[in-house]
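What follows is one structure encoded as structure tokens, with my remarks underneath.
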Amino acid sequence: MRRSLLLLLPLLAALIAPAASAQSRSQLGPLCTTETTPADQMIAACTKIIALKVFSGGQLATIYFWRAVGWNKKGDYAHVIADATEAIRLQPSQAVYNLRGSAYYDKGEDDIAIADFNDALKLGPPSATIYHNRGNAYRSKGDYAHALGDYDQAIKLSPREAYSWQNRGITKAAQGDLDGALSDINEAIRLNPSLASAMTNRSVIWRAKGNIERAIADGSEAVRLAQNPPANVMTPPGSVVIAALVHRALAYEAKGELDAAKSDYAAALKPTASDSGSKANQATAKVRLSLLSEPAPPPQRTDTQISPSSTAAAPIGQRMALVIGNGAYAHVQALPNPPRDARAIAKSLRDIGFTVVEGTDLDRAAMQAKTRDFLREAARAQVAVVFYAGHGVQIDGRNYLVPTDIAFGSGSNVTSAMVDMDQILAGLDDQVRTNILILDACRNNPFAPPEGAGTAASRSLSGSGLAAPSSLGTGATSGAGTLIAFATAPGKVALDGDGENSPFSAALSRHIGTPGLEVQQMLTRVRAEVVAGTKNRQVPWSNSSLLGEVYLATK
């Protein structure tokens with residue numbers, strides 16, 4: 001969350017003053033350089049001034065800056081960056097670097113944003129606004145030590161700025177310090193009782209603490225305040241109300257008030273999302289609304305092993321798991337081990353207290369049904385684990401799990417016949433949940449020609465192996481974090497194995513229930529065992545945004 005650009009206007013005084021002399025010649029000047037001018041009018045006025053070709057240097061830089069402000073009001077960050085870059089070329093300033101850095105942050109490009117904020121701080125005196133905004137980018141990266149340092153500096157320079165108190169509280173919550181977070185966000189609300197985003201974030205903390213009634217109360221106040229937010233050109237349009245609605249909906253869902261949750265999710269999808277955080281919130285709303293709105297398909301006749309507790313409602317704080325193993329493929333290479341892998345992992349997870357939704361050799365309808373069952377119950381879970389063994393593919397940067405009835409035909413819409421991993425991630429995205437996804441599968445292009453005939457059986461449909469994800473979901477909420485573990489490294493295939501289980505699943509089942517073993521240490525042990533057992537042919541790999549130590553089995 002940004003702070004008003006009004007706080008930066010003193011930084012622009014030297015740039016605006018030369019342009020003021022031209023404003024008497026036309027009303028274009030005030031329209032272009034007044035913060036309260038509507039975005040389209042601001043952009044049009046600045047564009048006409050630029051077309052006059054009467055300004056240069058710092059004066060022209062000022063006009064480009066203000067047109068960038070207009071684009072920022074619309075959430076058009078590509079144009080913000082283009083105009084701010086031109087302003088920097090003409091005459092660099094703290095304000096312009098800050099604006100461009102904020103646009104990069106809203107696009108989810110944190111490292112570039114931090115570089116711009118660094119340049120802004122070099123150009124002028126210490127600025128609470130810029131420290132605050134750099135703290136946002138560090139927080140988005142998961143670098144909480146640097147984020148806290150920047151928020152501390154912002155509060156020191158501007159102790160009555162509610163946004164900095166709020167965002168320092170969010171950072172403390174991400175580190176697990178819920179009491180410290182609550183204290184900071186309470187101070188933000190004291191300083192600015194109309195700050196809807198602070199109410200939203202306090203709602204999240206109450207939900208994390210298990211106080212659902214207070215979470216709903218704060219969420220309702222956030223929704224009320226978000227209907228008429230204060231003018232703030234640095235806040236992405238629609239972002240405040242989208243976040244307020246989604247988090248109140250999550251609280252309603254945790255309480256079991258599903259009609260209220262559906263109403264909020266539907267309302268959250270109406271505004272146009274421009275920034276990465278709002279897009280992630282809307283992706284979650286879309287999946288959760290679908291889960292609550294669509295009836296489950298009729299039971300499928302499959303060789304499905306179901307946990308006795310898989311249909312029981314999960315209490316708040318429950319640890320939930322979805323375990324699927326697909327091997328009996330009808331039209332692509334069959335795999336003997338995934339069903340056995342799934343049963344072994346499901347047993348290990350139940351033994352350490354997880355409620356498990358389990359299925360083997362599932363067609364698409366059955367996979368969707370199992371996934372929906374799991375995601376519905378995971379709304380109340382504190383830890384969610386997804387384990388999948390079988391074929392998997394990557395198409396156009398998206399990852400898909402392959403059901404047993406898949407048939408890759410010429411001209412067919414192959415992606416609609418599979419289960420989209422991004423949808424599962426969106427359904428799980430929440431600030432109060434730790435998500436762990438473990439895939440004993442390959443992600444590859446199913447249309448590529450097969451390679452390596454005669455080699456050991458693998459979980460690849462083409463031989464091209466895994467593709468590394470670019471991120472753990474751009475714009476995902478910075479909650480308890482997500483870890484994605486793959487059975488093999490990018491570009492390599494996952495072996496099905498010659499024994500009762502795949503090399504990866506066999507090692508995982510041996511270590512996943514070890515008491516007091518932190519999850520990333522557990523995966524390190526699994527990796528070492530798989531590398532040794534396959535003579536370096538398979539090297540497990542993981543990508544993590546976990547915010548702290550996670551123990552699947554009690555310490």
Side-chain angles (χ1 to χ4, degrees), residues 1-5 7-8 11 68-69 71-72 75 77-78 80-81 84-85 88 92-124 126-158 161-175 181 184 188 197 201 232-236 239-240 243 273-281 431 470-479 481-482 544-547:
M1 183 60 63
R2 301 291 194 278
R3 294 160 55 183
S4 172
L5 190 64
L7 297 172
L8 285 174
L11 302 174
V69 170
W71 291 120
N72 199 77
Y77 301 115
V80 175
I81 291 167
T85 299
I88 288 169
S93 71
Q94 275 195 324
V96 181
Y97 270 117
N98 178 71
L99 180 61
R100 191 175 72 173
S102 296
Y104 276 122
Y105 167 76
D106 284 323
K107 287 186 66 182
E109 299 180 29
D110 299 320
D111 288 327
I112 303 176
I114 289 169
D116 270 356
F117 295 136
N118 289 341
D119 285 339
L121 289 169
K122 292 175 184 176
L123 284 176
S127 164
T129 298
I130 298 171
Y131 277 117
H132 171 94
N133 289 343
R134 190 175 70 175
N136 291 343
Y138 276 127
R139 177 169 55 87
S140 179
K141 278 171 57 75
D143 186 344
Y144 300 112
H146 277 101
L148 287 174
D150 275 353
Y151 293 136
D152 287 344
Q153 188 66 20
I155 290 170
K156 180 180 178 181
L157 292 169
S158 185
E161 179 46 60
Y163 282 121
S164 295
W165 285 96
Q166 170 196 254
N167 288 14
R168 191 175 74 173
I170 296 170
T171 307
K172 290 179 179 179
Q175 292 183 308
D184 275 358
S197 58
N201 285 294
N232 185 342
V233 299
M234 300 296 279
T235 298
S239 62
V240 176
S274 58
D275 63 298
S276 58
S278 295
K279 290 175 182 177
N281 278 329
Q431 293 185 16
S470 58
S471 72
L472 296 179
T474 300
T477 55
S478 53
T482 296
S544 174
S545 66
L546 294 179
L547 309 181

Do [X] and [Y] make a side-chain contact, defined as non-hydrogen atoms from C-beta onward lying under 4.5 Å apart?
{"X": "Arg100", "Y": "Val80", "value": "no"}
{"X": "Ser276", "Y": "Tyr105", "value": "no"}
{"X": "Ile112", "Y": "Lys107", "value": "no"}
{"X": "Asp152", "Y": "Lys156", "value": "no"}
{"X": "Tyr131", "Y": "Leu121", "value": "yes"}

Quick one: closest heavy-atom pair of [X] and [Y], and the distance?
{"X": "Phe117", "Y": "Arg134", "answer": "CD1-CA, 3.5 Å"}
{"X": "Ala68", "Y": "Ala84", "answer": "CB-N, 4.1 Å"}
{"X": "Ala113", "Y": "Ala137", "answer": "CB-CB, 4.3 Å"}
{"X": "Ser274", "Y": "Gly75", "answer": "CB-O, 3.5 Å"}
{"X": "Ser164", "Y": "Ile155", "answer": "CB-CG1, 3.7 Å"}

Under a 3.5 Å threshold, yes or no: a donor from one side chain and an acceptor from the other, between Ser140 and Asp110?
yes

Can a side-chain donor-acceptor contact be found between Ser197 and Gln166 if the only test is distance below 3.5 angstrom?
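Ser197 and Gln166 do have a side-chain donor-acceptor pair below 3.5 Å.
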
Look up atom [atom1] in [X] and atom [atom2] in [Y], then write down how far apart they are to the nearest 0.5 Å.
{"X": "Asp116", "Y": "Ile81", "atom1": "CG", "atom2": "CD1", "value": "8.5 Å"}
{"X": "Asn72", "Y": "Thr235", "atom1": "CG", "atom2": "OG1", "value": "9.0 Å"}
{"X": "Lys279", "Y": "Ser239", "atom1": "NZ", "atom2": "OG", "value": "12.5 Å"}
{"X": "Thr171", "Y": "Asp184", "atom1": "OG1", "atom2": "CG", "value": "9.0 Å"}
{"X": "Ile130", "Y": "Leu157", "atom1": "CD1", "atom2": "CG", "value": "10.5 Å"}
{"X": "Leu148", "Y": "Asp143", "atom1": "CG", "atom2": "CG", "value": "9.5 Å"}

Would Ser102 and Tyr77 count as a side chain to side chain contact (heavy atoms under 4.5 Å, CB included) here? Give the steps.
CA-CA 9 Å; Ser102 296; Tyr77 301 115; over 6 Å; no

Would you check, one step at a time, whether the test side chain to side chain contact (heavy atoms under 4.5 Å, CB included) holds for Tyr97 with Asn118?
CA-CA 9 Å; Tyr97 270 117; Asn118 289 341; over 6 Å; no

Quick check against the 3.5 Å criterion: does Ser158 have a side-chain atom that pairs as donor or acceptor with the backbone of Ala154?
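Side chain of Ser158 to backbone of Ala154: no pair is present.
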
Asn136/Tyr151 under side chain to side chain contact (heavy atoms under 4.5 Å, CB included): CA gap, chis, key distance, verdict
CA-CA 9 Å; Asn136 291 343; Tyr151 293 136; 2.5 Å; yes

